[in-house]
Structure formats: structure tokens, C-alpha cells
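I'd like to ask some things about the structure below.
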Amino acid sequence: MHDDFDQEPIKGLPELPPEGEVILWQGRPDWRALAWQSLSLPWVIGYFVVLALWRFGAAVDLMPLGQAVAVSMPFLILGAIVVALLTAFAAIQAWATVYTVTNRRVAMRIGAALTVTLNLPYRQIARADLAMGRRGTGTIAFDTLGDVQFSYVMTWPHVRPWRMKKTQPALRCIPDAERIARLIGEAAEARISQPEIRLPKQAIAAE
């Protein structure tokens, strides 16, 4: 079996980290939580159930009970197929994703068909917001500084939902989210507190 990511020097990163950068955590979304939250499975299930009930209510006065149930079943079958496809999509997305937290940045390798890696240095992150979900999973969304804009469509579902004016990349539906949020906060605080020294070009040339 061919591995599309066998060219990565380190899993989840397109190149070796520079000297002094240390990987603190790597993970991926929980596919069940990703399907339930980012693909809105409760609403999808509810939609097809309502269609089936509506069809049953319209038919039960016109035909025997068994036939009314039979004409309602196609909506439930179609709903089951759609839910299965969405769940498979979430599982593939989760498998193809690698989130990486280092002492200098957050990196996100995302996309199953078209793979991209987003690098979010701590100095370019204004704030990070944690939203807890089901079964201990949670989403950490990043509000970035500067003029860099991310495409909502290209980065979905690894974004904060419905923030389209300024897309916020997010670690979606990750297990142990509270611990990872604390880890990111401590790493960002340590990184930002370090002075960044830039020598003038003349001084570099003189060396």
C-alpha cells in the first residue's frame, strides 16, 4: 500500500524542525466527534427522521398501517446512507490529519485529497479559545495576527465554525483538549517572553 506521506522527514511536518525546536505533542481529531460536530450529524439524522414522519403522517390515512410504514422507509434508508458517507468522510479526514505542537509553533497537516500544512508561530497568535465537546474532546481555535488570511473552504473542517470573515484555524475535536490547551498556553508564554534579537546587516557582514 502506497503511503502519500512517506516523504515527510517527521510525521506531520514537511521538513525537519530547525535547531532548538522540540515537538511537545502530536495528535489528530477523534473521528466520531468530528463527524458528530463538524458535519452536524444530529441535524442530518433529524432531517431524515422528520421527512419519514411527515411521509408516514400523510400516508397513514390513505392506506393500511403496514403500507404507510413501507412508503416512509425509503427516507430512513436514504438518511442512513448519507450518515454512513459523512461518517466515512470524517474518518478519512481524521486519518489524514496530524496536529503538531512544538515549543515555537502549532502546525496543522490537513486535507485528504489536497494536503497542506499550516504553520502558526506563537508570535503570530493573538489568542486561543477552547470549546469543549462530547466525550472529553474539544476544539482549540486560533485568532491570528497580521494580514494573513486563510480560506475557510480550503481549511474546513479544521476551522472555528461559522467564522468566515476572518477564518480561525482550529485543532478540531481532539482528545484531552484541556491538557493540550494548557500545553499550548505554557509554550506560547515561554516563547513570547524570549527576546528576539536581530543583528543589523552590517554587523552580519562584518562577521
Which heavy atom of A90 sits nearest a heavy atom of W31, and at what distance? CB-O, 3.8 Å
Using the rule that Ile, Leu, Val, Met, Phe, Trp and Tyr join whenever any side-chain heavy atoms are under 4.5 Å apart, tell me whether I174 and I125 fall into a single cluster.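 Same hydrophobic cluster.
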Please determine whether side chain to side chain contact (heavy atoms under 4.5 Å, CB included) holds for the pair Q149 and T167, giving the CA-CA distance in whole Å, both sets of side-chain angles, and the decisive distance to 0.1 Å. CA-CA 7 Å; Q149 295 290 332; T167 301; 5.9 Å; no
Counting only heavy atoms not in M154, do more than 12 fall under 6.0 Å of its CE? no
Are the side chain of T102 and the backbone of R105 linked by a donor-acceptor contact shorter than 3.5 Å? yes
Just how far is it from atom CD1 of I184 to atom CD of E189, taken to the nearest 0.5 Å? 14.0 Å
Spatial distance of atom CD (Q168) from atom CZ (R127) [nearest 0.5 Å]: 8.0 Å
Using a 3.5 Å distance criterion without hydrogens, assess whether the side chain of R172 forms a donor-acceptor pair with backbone atoms of P157. yes
Close side-chain approach of R123 to R104, heavy-atom, < 4.5 Å: no
Rounded distance (nearest 0.5 Å) linking atom NZ of K11 with atom CG of L13: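 So the NZ of K11 and the CG of L13 are separated by 10.0 Å.
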Nearest 0.5 Å, what's the CG-CD1 distance between L86 and I81? 12.0 Å
Same apolar cluster: V49 and L85, side chain cutoff 4.5 Å: no
Distance-only, no hydrogens or angles: does the N103 side chain make a donor-acceptor pair with backbone N or O of G20 under 3.5 Å?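 Side chain of N103 to backbone of G20, a donor-acceptor pair under 3.5 Å: yes, one is there.
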Ion pair D143/K166, N-O distance below 4.0 Å: yes
Mind listing the closest non-hydrogen atom pair of Y99 and H158 along with its distance?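 In terms of heavy atoms, the two residues are closest at OH-ND1, 2.6 Å.
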Give the minimum heavy-atom separation between L145 and A126, together with the two atoms involved.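 That closest heavy-atom pairing would be CD2-CB, 3.4 Å.
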Minimal non-hydrogen separation, L130 against A177, with atom names: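 So the minimum-distance heavy-atom pair works out to CD1-CB, 3.8 Å.
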Would you check if the side chain of R109 reaches a backbone N or O of A96 as a donor-acceptor pair within less than 3.5 Å? yes
Test log, rule side chain to side chain contact (heavy atoms under 4.5 Å, CB included), inputs Y122 and V106: CA-CA 7 Å; Y122 293 131; V106 175; 3.9 Å; yes
Backbone N or O of G79 within a donor-acceptor pair of the Y47 side chain at under 3.5 Å? no
Is S151 close to W156 at the side-chain level, that is, under 4.5 Å between some pair of heavy atoms? no
Using a cut-off of 6.0 Å, state whether more than 12 heavy atoms not belonging to E178 lie near its atom CD.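 12 or below, so no.
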Hey, is the main chain of G133 close enough, under 3.5 Å, to the side chain of T137 for a donor-acceptor pair?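 Judged by distance alone, no pair lies under 3.5 Å.
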Taking the side chain as every heavy atom from C-beta outward, state whether M108 and T155 have any atom pair closer than 4.5 Å. no
Is any side-chain heavy atom of L53 less than 4.5 Å from a side-chain heavy atom of F48?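 They are not in contact (no side-chain heavy atoms under 4.5 Å apart), so the answer is no.
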Mark yes or no for whether T144, through its side chain, and Q124, through its backbone, hold a donor-acceptor pair below 3.5 Å. no
Group every Ile, Leu, Val, Met, Phe, Trp and Tyr by side-chain heavy-atom contacts under 4.5 Å, then state whether W162 and L41 land in the same group. yes
Any side-chain heavy-atom pair of F56 and V71 under 4.5 Å: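 Of all side-chain heavy-atom pairs linking V71 with F56, none is under 4.5 Å.
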If you compare all heavy atoms of N119 against all heavy atoms of A107, which two are closest, and at what distance to 0.1 Å?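 Shortest heavy-atom separation between N119 and A107 comes out as OD1-CB, 3.7 Å.
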Indicate, with yes or no, if W25 and M132 share a hydrophobic cluster defined by side-chain heavy-atom contacts under 4.5 Å among Ile, Leu, Val, Met, Phe, Trp and Tyr. yes
Check whether any side-chain N or O of R28 sits under 3.5 Å from a backbone N or O of W95 as a donor-acceptor pair, and report yes or no.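 Such a contact is found between R28 side chain and W95 backbone.
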Can you list the steps and then say if V159 with F150 is a side chain to side chain contact (heavy atoms under 4.5 Å, CB included)? CA-CA 9 Å; V159 292; F150 299 95; over 6 Å; no
Transitively linked via ILVMFWY side-chain contacts under 4.5 Å: I140 with L183?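 I140 clusters together with L183.
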Under the criterion side chain to side chain contact (heavy atoms under 4.5 Å, CB included), I'd like the reasoning laid out for L39 against F89: C-alpha separation, chi angles, the key distance, then a yes or no. CA-CA 9 Å; L39 301 182; F89 174 80; 3.8 Å; yes
Measuring from L34:CG to C173:SG, what's the distance to the nearest 0.5 Å? 5.0 Å
Give a yes-or-no answer on whether the side chains of Q26 and T100 include a donor-acceptor pair shorter than 3.5 Å. yes
Do you know the tightest heavy-atom contact between G12 and T117? O-CG2, 4.3 Å
